[in-house]
Peer 1: 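My structure is below; once you've seen it, I'll send some questions.
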Amino acid sequence: MDATVLYDLSYGVYAITTWDEGRAVGCIANSVMQITASPMTIAVSVNKDNYTNGCILRSEKFAVSILTEQSNPRIIGAFGFQSAADPAVEKFAEVGQKLVNFLPAVADSCGVITCKLIDSHDCGTHTIFIGEVTGAERFSTAAPMTYSYYHRVIKGKSPKNAPTYQPED
Ligand SMILES: Cc1cc2nc3c(=O)[nH]c(=O)nc-3n(C[C@H](O)[C@H](O)[C@H](O)COP(=O)(O)O)c2cc1C
């Protein structure tokens, strides 16, 4: 099997955020897609080892901030390469936050889609969360960051918990 073919699937780069009691938490995910138009629903695949997974289950809501090509790479560092399982980690410590529909969102992004959790599917290592869209707000008209741009231009890596992870030879 040539698993590199899977690299040709197209994605964006998103910050999935929610509340852990009163603490704003979240992770980076490429695995976001719109499922239906009416009602408007979207899905995201979140690793069970990500602290964000249990927080979405408990809060029953999440927000999807769409990163732009100009978004500060520190956002990906903060949300994609450290875990809020460590109580000392504050994901928004150096990342501007906006509150939309009572959910924390990343200000340096195209905008945010807020969701209420309506279903979840156990997929082994990951959970697919399905959210009904409760609102959407635009922050910028900058080009959205694609996963391909993240790899080609930013030279970013995908950590083990990303569903697209493939060990390097
Ligand atoms: C570019 C990129 C894409 C990622 N995509 C996903 C994804 O789709 N699903 C996922 O569960 N983790 C994904 N991750 C990994 C999580 O963002 C990472 O494990 C994060 O540190 C988890 O934080 P948490 O433990 O605070 O939830 C991705 C990371 C990066 C950098």
Side-chain angles (χ1 to χ4, degrees), residues 3-4 6-35 41-95 97 103-106 108-110 112-115 117 119-131 142-168:
T4 66
L6 277 84
Y7 287 145
D8 292 341
L9 289 166
S10 299
Y11 308 94
V13 181
Y14 311 97
I16 312 301
T17 50
T18 189
W19 293 112
D20 176 28
E21 306 297 332
R23 178 183 179 218
V25 293
C27 65
I28 296 294
N30 61 280
S31 56
V32 172
M33 66 186 289
Q34 183 167 353
I35 304 295
T41 59
I42 59 176
V44 56
S45 172
V46 180
N47 196 294
K48 291 178 186 171
D49 289 339
N50 285 5
Y51 190 73
T52 307
N53 190 305
C55 298
I56 293 174
L57 279 171
R58 285 189 295 276
S59 69
E60 298 183 342
K61 50 184 181 271
F62 59 92
V64 177
S65 299
I66 303 166
L67 299 192
T68 79
E69 290 180 354
Q70 274 83 51
S71 289
N72 191 326
R74 277 175 166 223
I75 299 168
I76 297 176
F79 283 82
F81 290 95
Q82 57 175 359
S83 178
D86 176 350
V89 167
E90 282 302 336
K91 301 262 179 154
F92 279 99
E94 292 179 23
V95 172
Q97 186 187 139
L103 277 162
V106 171
D108 183 8
S109 68
C110 294
V112 66
I113 301 164
T114 59
C115 296
L117 183 65
D119 208 350
S120 63
H121 294 272
D122 186 334
C123 295
T125 54
H126 287 66
T127 309
I128 296 178
F129 292 116
I130 299 182
M145 186 189 293
T146 63
Y147 203 38
S148 157
Y149 183 93
Y150 172 72
H151 287 295
R152 275 186 306 104
V153 182
I154 299 187
K155 309 273 184 227
K157 297 252 182 266
S158 300
K160 264 208 160 108
N161 288 359
T164 51
Y165 173 76
Q166 290 190 24
E168 286 174 25

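What you see is a predicted model; the values in this text were computed from it and never measured. Residue numbers run from 1 in the order of the sequence given. Numbering of ligands and ligand atoms starts at 1, following listing order. Side chains are part of it too, since the values below use all heavy atoms of this structure and drop only hydrogens, waters and symmetry mates.
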Peer 1: Between the candidates G54, P159, A162, which shows the shortest non-hydrogen contact distance to atom 29 (C) of ligand 1?
Peer 2: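 Heavy atom nearest to atom 29 (C) of ligand 1 belongs to P159.
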Peer 1: Does Y150 reach the main-chain N or O of E69 with its side chain, forming a donor-acceptor pair under 3.5 Å?
Peer 2: no
Peer 1: If the cut-off is 4.0 Å to any non-hydrogen atom of N50, which atoms of ligand 1 fall inside it?
Peer 2: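 Those qualifying, in numeric order: 10 (C), 11 (O), 12 (N), 16 (C), 19 (O), 22 (C), 25 (O), 27 (O).
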Peer 1: Any sub-3.5 Å donor-acceptor pair from H126's side-chain atoms to V46's backbone N or O?
Peer 2: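 Not a single qualifying donor-acceptor pair exists.
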Peer 1: Mark up the atoms of ligand 1 that fall under 4.0 Å of a heavy atom belonging to Y147, in ascending order.
Peer 2: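 That gives atoms 1 (C) of ligand 1.
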Peer 1: For the side chain of S120 and the backbone of F129, is there at least one donor-acceptor N/O pair under 3.5 Å apart?
Peer 2: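 The answer is no, because no donor-acceptor pair under 3.5 Å joins these two groups.
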Peer 1: Name the option, out of G12, S31, G156, that contains the heavy atom nearest to atom 8 (O) of ligand 1.
Peer 2: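 The nearest heavy atom belongs to S31.
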Peer 1: For G26, take its heavy atoms, then give the atoms of ligand 1 lying under 4.0 Å from any of them.
Peer 2: 26 (O)
Peer 1: Is the contact between K91 and ligand 1 made by the side chain, the backbone, both, or neither, using heavy atoms and a 4.0 Å cut-off?
Peer 2: side chain
Peer 1: Using a strict 4.0 Å threshold on nitrogen-to-oxygen distance, state whether R23 and E90 make a salt bridge.
Peer 2: yes
Peer 1: Please report which non-hydrogen protein atom sits nearest to atom 18 (C) of ligand 1, along with the residue it belongs to and the distance in Å to one decimal place.
Peer 2: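 Sorting protein heavy atoms by distance from atom 18 (C) of ligand 1 puts G80 O, 3.3 Å first.
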Peer 1: Counting each atom of ligand 1 from 1 as listed, which ones have a heavy atom of V46 under 4.0 Å away?
Peer 2: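 Ligand 1 atoms under the 4.0 Å threshold to V46: 11 (O).
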Peer 1: Among A78, A85, A84, P163, which one has a heavy atom closest to atom 26 (O) of ligand 1?
Peer 2: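 The option holding the nearest heavy atom is A84.
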Peer 1: Number the atoms of ligand 1 from 1 as they appear, then name those within less than 4.0 Å of a heavy atom of F81, with their elements.
Peer 2: 21 (O), 31 (C)
Peer 1: With a 4.0 Å heavy-atom cut-off (strictly under), which part of Y150 contacts ligand 1: side chain, backbone, both or neither?
Peer 2: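 The answer is the side chain of Y150.
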Peer 1: Backbone, side chain, both or neither: what part of S158 comes under 4.0 angstrom of ligand 1, heavy atoms only?
Peer 2: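 Neither part.
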Peer 1: Quick test: of every protein heavy atom, which one is nearest to atom 20 (C) of ligand 1, and how far off is it to 0.1 Å?
Peer 2: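 Its nearest protein heavy-atom neighbour is F79 O, 3.4 Å.
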Peer 1: Which heavy atom of the protein is the closest neighbour of atom 9 (N) of ligand 1, given with residue, atom name and distance?
Peer 2: S45 O, 2.9 Å
Peer 1: Take atom NZ in K48; do more than 12 heavy atoms of anything else shown fall under 6.0 Å from it?
Peer 2: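 Yes, enclosed.
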Peer 1: Taking only heavy atoms of N47 into account, list the atoms of ligand 1 that are under 4.0 Å away from them.
Peer 2: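 Here the atoms of ligand 1 in question are 10 (C), 11 (O).
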Peer 1: Where do S83 and Y51 come nearest, in terms of heavy atoms and distance?
Peer 2: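 Here S83 and Y51 meet closest at OG-CB, 3.9 Å.
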Peer 1: With distance as the sole test, does N50 use its side chain to make a donor-acceptor pair with the main-chain N or O of T52 at under 3.5 Å?
Peer 2: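 No; zero donor-acceptor contacts below 3.5 Å.
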Peer 1: Starting from atom 21 (O) of ligand 1, which protein heavy atom do you reach first, and at what distance in Å?
Peer 2: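 Of every protein heavy atom, Q82 O, 3.0 Å lies nearest to atom 21 (O) of ligand 1.
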Peer 1: State whether the side chain of K61 and the backbone N or O of W19 hold a donor-acceptor pair below 3.5 Å, judged by distance alone.
Peer 2: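 Pair absent, no side-chain N/O of K61 close to backbone of W19.
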Peer 1: Considering I28, D20, T125 one by one, which has a heavy atom nearer to atom 2 (C) of ligand 1 than any of the others?
Peer 2: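 Looking at heavy atoms only, I28 sits closest to atom 2 (C) of ligand 1.
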Peer 1: Would F92 and F79 count as a close aromatic pair, with their ring centres under 6.0 Å?
Peer 2: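 When the ring centroids of F92 and F79 are compared, they turn out to be within the sub-6.0 Å range.
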Peer 1: Of all the heavy atoms in N30, does at least one lie under 4.0 Å from an atom in ligand 1?
Peer 2: yes
Peer 1: In the protein, which heavy atom is nearest to atom 25 (O) of ligand 1, and how far is it?
Peer 2: S83 OG, 2.6 Å
Peer 1: Using a 4.5 Å cut-off on heavy atoms from C-beta on, say whether the side chain of C115 contacts that of I130.
Peer 2: no
Peer 1: Pick one: which of S31, S158, S10 meets side chain to side chain contact (heavy atoms under 4.5 Å, CB included) with Y147?
Peer 2: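 So the option named by the test is S158.
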Peer 1: Side chains of D108 and N72: any donor to acceptor distance under 3.5 Å?
Peer 2: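 No, no side-chain donor-acceptor contact under 3.5 Å.
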Peer 1: May I ask you to identify the nearest protein heavy atom to atom 27 (O) of ligand 1, giving residue, atom name and distance to one decimal place in Å?
Peer 2: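 Ranking protein heavy atoms by distance from atom 27 (O) of ligand 1, first comes T52 OG1, 2.5 Å.
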